[in-house]
Amino acid sequence: MLILEHISKTYGNKNEKAVDDVSFEVHPGEIFGFVGPNGAGKTTTIKMIVSLLAPNSGKIRINGIDNQTDILGAKKQFSYVPDNPELFEKIKGIEYLKFMADVYQVPASDRQERIERYLDIFEIKNAVNDPIGSFSHGMKQKLALVGALIHDPQVFILDEPMVGLDPKASFELKKIMREHCDRGRSVFFSTHVLDVAEKICDRIAIIKKGKLIEVGTMAEIREKAGSQESLENIFLELTE
Amino acid sequence: MKEIISLTKLFINESLGFSLFFYNQKFNKKEFYKQLFTLIIVPVALIPAFFMYVSLMSATYFGLTLINQTSVFLSIGYIMATVLIIVFGVMYILSEFYFSDNIEELIPLPISQRKLIIAKFLSILVFEYIFAAFILIPILIIYGVGQGMGLLYGLLSFLVFLTVPVLPLSLMTAVIMLIMQSASLKGRKDMLQIVFVFIGIAVIFTVQIWFTSQLGSGDEADFQLLMNTILTNNEGLLNSIGYLMPTSFLMAWALNKITLMSLGWVATLLGITLLSCALMVTVGNRVYLKSIVSGKIIKKGKPLSGAQRSKVLGKKSHGAMAIFTMDLRLLLRTPVYFFNNVSVVIIAPLCILLSVSFIEIPPEDLQGMQEFFRAMPILINFLLIAFFIFFGGTSATTASTFSREGKASWLTRMIPVTARDQIVGRTGVAMFIQSLGIVFTIIAVQFIFPLPLSTLVITIVLGILGSLPILLFGLFLDMNRPLLNWDNPQKAIKNNMNVVITLFVGMAYTGLLIGISGLLGYFVNPILGYGVFALISAILSVVFYQVISRRLEAEFLNFEGN
């Protein structure tokens, strides 16, 4: 569903790679967690996947489509919610949702049903006629999530999705992620909350200083680490 | 004091982006060189205009010596600088005091309100001093050299110069703070700003038109009296003009002739300036933070029922239409964007209407004018075309279209909208605003003389077509180098070189295109003139469209570095 092949990225200093030869694959029906310390290259990798940054080398395929040669085709395959979703402050919540439904060409009946459902789940139905500028950080995140789910993406990509969400919304999001994968789609997300990653991810990748140091299921990671400890402990050992 | 200095430095750094500049120097060379280029090219580009201004002022001084009225020279400079400081200062004050994000981070810190106000005021003042220096220093030097003034004049001039931006800015800041604190305006910050600036523009314009009409209606005896006063009394003109801004008298009395009294006048000016600062700090201390808190309240909408939500969401729109609607909403709902992109289409036709209402054109002159244009329709056609292009081509709409989105631009870059839809939607907004200007202008012009149908068709079609290459050029520039790192929407327009470049290129292109096709139309055949105009516009539009549509999706990947 999502394939990264030898992806590298440098910013100003050409000798220092923000992402260094990263390769992995996210399978259909899989929740894939991406963990690593601050500045390890998680957000840079995600930005390259969602076409917000161009890699210096390597290929990214989303649902079989190369996101460098068919940018638009690739964009139709995924939805993305950044860690701090900056939205148009002067626009009302409902106008934003309509915009998202329009640009993804979601049929009228589907868009209404999905929006109603997610507005209910995230409890922002009453706020949807307010300007986004009046929303709290958590509400903006909920709105961005609803907007991202409108077109029922093949790959749902999230950067630190639990930050800013209240416990109920966080719980609901995890449920939505699982349901999404149960329908044969995939979820790829970065997180610092290792408990969450351990509990809900089918597979996990650990990145450190731009390099992928581990990929696999929890059982595989434990086996390689030769330890039965929690992901948190293994993570700390691997990233020290 | 240390705290005020450090806060002022912080605000200036934030406005000019020094930290980002030095960061780019180390880590993003490409962007650093772009910024460096802009830093060099802008002052260099302004040099010819500055020399023209100095020459104009020298000529004015020389003209005044001929009619024995040099005493008014310094007052002219003072009033000019003050008016420009007021005009530009309104937006600076509103931006720094009310629309800058830093205040939310500073309120919880143990910094007194007084220090915040002074530091914010000083940070605005630094820019206004640079501005005032360009206007006033040449005038002070020309007068000093012309009158053979000495060192004391230099010293007193410097002291007077120090007061020039402070006085109007402090008074204006106090007034703005009082208006913004009004509790009844809670949640209507954007609307208030739009109304506030429109009232200001309307007042300035009405006063100007009224003055013009009064001069126009004055009989010959009044004019003779004014001329006699000017020629017999070397301060006659100063007295007439000085009433526009009473403090300009103090400045003139202090510097026109250096005597012991000059020291007294300068001290008075300094005293008034300090008093105005004290007034601003006192007013601010009472109302500033209160108004910030109430200003942060955003007016909420009424909750929608299920049926209402269905009604909104049920209407499916094309990608281009979605982009168009979003861009237009942002333009209309953000005051800074509204002023820079939309207000001109209201103000310019309004100017025509007000001029017609206040200034009576004798019927025989009007008839003569109508006959003249009827005899040579090509003249009025190209005149109107130029005016219509002005609405579309010189506005900042497409040249700031991506920049206006700022940190929310990730959304635009992530959604699967074709380059064609992006171009059509964004250019469509500029053309829509232009069309409003065209309609308003046509209505206003009808009051002077009715336009024939052929003129209407030719000017509307060619006016829109002629501005299309400029609109696409602006879009091309903003696609290549959008300004996305801003904390205040004003920066997306005012600090955006794309807007300036498009404005100058647009004006030069319009002049050239209308010049060439106008001459062909006048001397060879009108159809040829219109045809060449349409052909050049169409070819350039197609070229720009092709270039943008090929590059847009790839350029979205490079936005991060800007």
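Residue numbers begin at 1 in each chain, while the letters A, B, ... track the order of the sequences.
In terms of non-hydrogen atom pairs under 4.5 Å with chain A, the most contact-rich of B:H318, B:K407, B:M414 is B:M414. Heavy-atom pairs under 4.5 Å with chain B were tallied for A:L119, A:I115, A:V50, A:I94; the largest tally goes to A:I94. Of the residues considered (A:E116, A:H151, A:K92), A:E116 shows the highest number of contacts with chain B, using heavy-atom pairs under 4.5 Å. Top candidate by heavy-atom pairs under 4.5 Å with chain B, chosen from A:M100, A:R111, A:K76, A:M48, is A:R111. Considering only heavy-atom pairs separated by less than 4.5 Å from chain A, the leading option among B:G306, B:P303, B:G314, B:P416 is B:P416.
Pairing each heavy atom of B:R329 with each of A:I91, the nearest pair is CB-CD1, 3.6 Å. The minimum heavy-atom distance between B:S317 and A:D102, with the atom names listed, is N-OD1, 3.0 Å.
Atom CZ of A:F99 is separated from atom CD1 of B:I415 by 3.5 Å, given to the nearest 0.5 angstrom. In this structure, CG in A:D130 is found 12.5 Å from NZ in B:K302, a value given to the nearest 0.5 Å. Note: B:E405 CD to A:F88 CZ = 4.0 Å, rounded to the nearest 0.5 Å.
Only the side chain of A:V128 comes within contact range of chain B, with heavy atoms under 4.5 Å apart. Both the backbone and the side chain of B:L313 come within contact range of chain A, judged by heavy atoms closer than 4.5 Å. Heavy-atom distances place both the backbone and the side chain of B:T418 under 4.5 Å from chain A.
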Next on the checklist: The test is salt bridge (Lys or Arg N to Asp or Glu O under 4.0 Å); show your working for B:R333 and A:E95 and say whether it passes.
Outcome noted: CA-CA 13 Å; B:R333 293 178 191 176; A:E95 291 166 348; 2.7 Å; yes

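Side-chain atoms of B:W410 come within 3.5 Å of backbone atoms of A:E86 as a donor-acceptor pair (strictly under, hydrogens ignored).
With hydrogens and angles left out, the side-chain atoms of B:T325 and A:K98 include no donor and acceptor closer than 3.5 Å.
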